Amino acid sequence: MADLIFSQVIVTEIAKKTTSPGTVTLNVPVDKVWKIESVAIGGTNGTVYLKKSNELVGILFTTISRDQFAAQLPFWLPADYSIDLVNDSSERAIVSISEWDN
């Protein structure tokens, strides 16, 4: 396996929950890998989930007594991978991702 080469930082905003959670679909390019570096929500009560094909992969960030289930960051995503970031908070969320050439 070759060494990874840093490409760029991707900052994604996820809308706040209104009648349903805010969702952003992201696709890792075939020649890249992504590392989710950090997640933040603009309030004190909420959760950001990582889903694939509408199934829960992990909890990326939570403030509501589910910390023991949260994935440890950073969280790596392989090339050619599609995910949904779901914000179940009444405030917007920000996800910071570093992209690496594979």
Side-chain angles (χ1 to χ4, degrees):
M1 180 176 171
D3 291 334
L4 297 175
I5 300 170
F6 176 76
S7 175
Q8 66 176 330
V9 171
I10 301 165
V11 176
T12 301
E13 183 174 324
I14 312 167
K16 65 183 177 180
K17 176 181 177 179
T18 52
T19 55
S20 61
T23 302
V24 171
T25 300
L26 299 173
N27 300 297
V28 181
V30 295
D31 59 342
K32 309 285 186 186
V33 293
W34 284 0
K35 182 167 76 166
I36 299 174
E37 301 279 1
S38 63
V39 181
I41 25 183
T44 58
N45 193 9
T47 304
V48 176
Y49 301 96
L50 174 66
K51 290 188 171 185
K52 173 127 178 100
S53 302
N54 209 29
E55 292 195 25
L56 181 64
V57 173
I59 297 170
L60 293 178
F61 181 88
T62 185
T63 61
I64 50 176
S65 72
R66 290 185 249 176
D67 289 338
Q68 71 272 23
F69 300 114
Q72 295 295 311
L73 295 178
F75 191 90
W76 288 90
L77 299 172
D80 198 25
Y81 196 77
S82 295
I83 57 161
D84 292 322
L85 297 173
V86 181
N87 180 15
D88 194 15
S89 167
S90 59
E91 302 294 333
R92 71 185 177 123
I94 300 287
V95 178
S96 177
I97 300 167
S98 60
E99 180 176 81
W100 301 79
D101 295 333
N102 190 8

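This one's a predicted model, so the numbers in the text were calculated from it and none came from an experiment.
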* Asked: Side chains of S96 and E37: donor-acceptor distance under 3.5 Å anywhere?
  -> no
* Asked: If every non-hydrogen atom of E13 is compared with every non-hydrogen atom of V24, which pair is closest and at what distance?
  -> O-CG2, 3.6 Å
* Asked: Are any of the side-chain heavy atoms of I97 and L26 separated by less than 4.5 Å?
  -> yes
* Asked: At their closest point, which heavy atom of G46 faces which heavy atom of S89, and how far apart are they?
  -> CA-CB, 3.9 Å
* Asked: salt bridge (Lys or Arg N to Asp or Glu O under 4.0 Å) with K16: which residues, sequence neighbours excluded?
  -> none
* Asked: Sequence neighbours excluded, which residues qualify as side-chain hydrogen bond (donor to acceptor under 3.5 Å, both in side chains) partners of N27?
  -> S82
* To do: Could I get the full list of side-chain hydrogen bond (donor to acceptor under 3.5 Å, both in side chains) partners for W76, not counting sequence neighbours?
  => none
* Kindly give the heavy-atom pair with the smallest separation between I14 and T23, and that separation in Å. => CG2-N, 4.0 Å
* So, for I41 and A93, which heavy atoms are closest and what is the spacing to 0.1 Å? -> CG2-CB, 3.6 Å
* To do: List for me each residue that meets side-chain hydrogen bond (donor to acceptor under 3.5 Å, both in side chains) alongside S53, sequence neighbours excluded, and say none if there are none.
  => none
* Would a 4.5 Å heavy-atom cut-off, applied to side chains only, mark L60 and L73 as touching? -> yes
* Structure fact -> Residue pairs passing the salt bridge (charged side-chain N to carboxylate O under 4.0 Å, His left out) test with at least one member in residues 93-102, sequence neighbours excluded, are K32-D101
* Asked: Within a reach of under 6.0 Å around CG of D31, are more than 12 heavy atoms found that belong to other residues, nucleotides or ligands?
  -> yes
* Structure fact -> Taking every heavy atom of N102 against every heavy atom of A79, the minimum-distance pair comes out as ND2-CB, 3.9 Å
* Asked: With sequence neighbours left out, what residues match E91 under side-chain hydrogen bond (donor to acceptor under 3.5 Å, both in side chains)?
  -> none
* Around Q8, counting heavy atoms of other residues, nucleotides and ligands shown, do more than 12 lie under 6.0 Å from its CD? -> yes
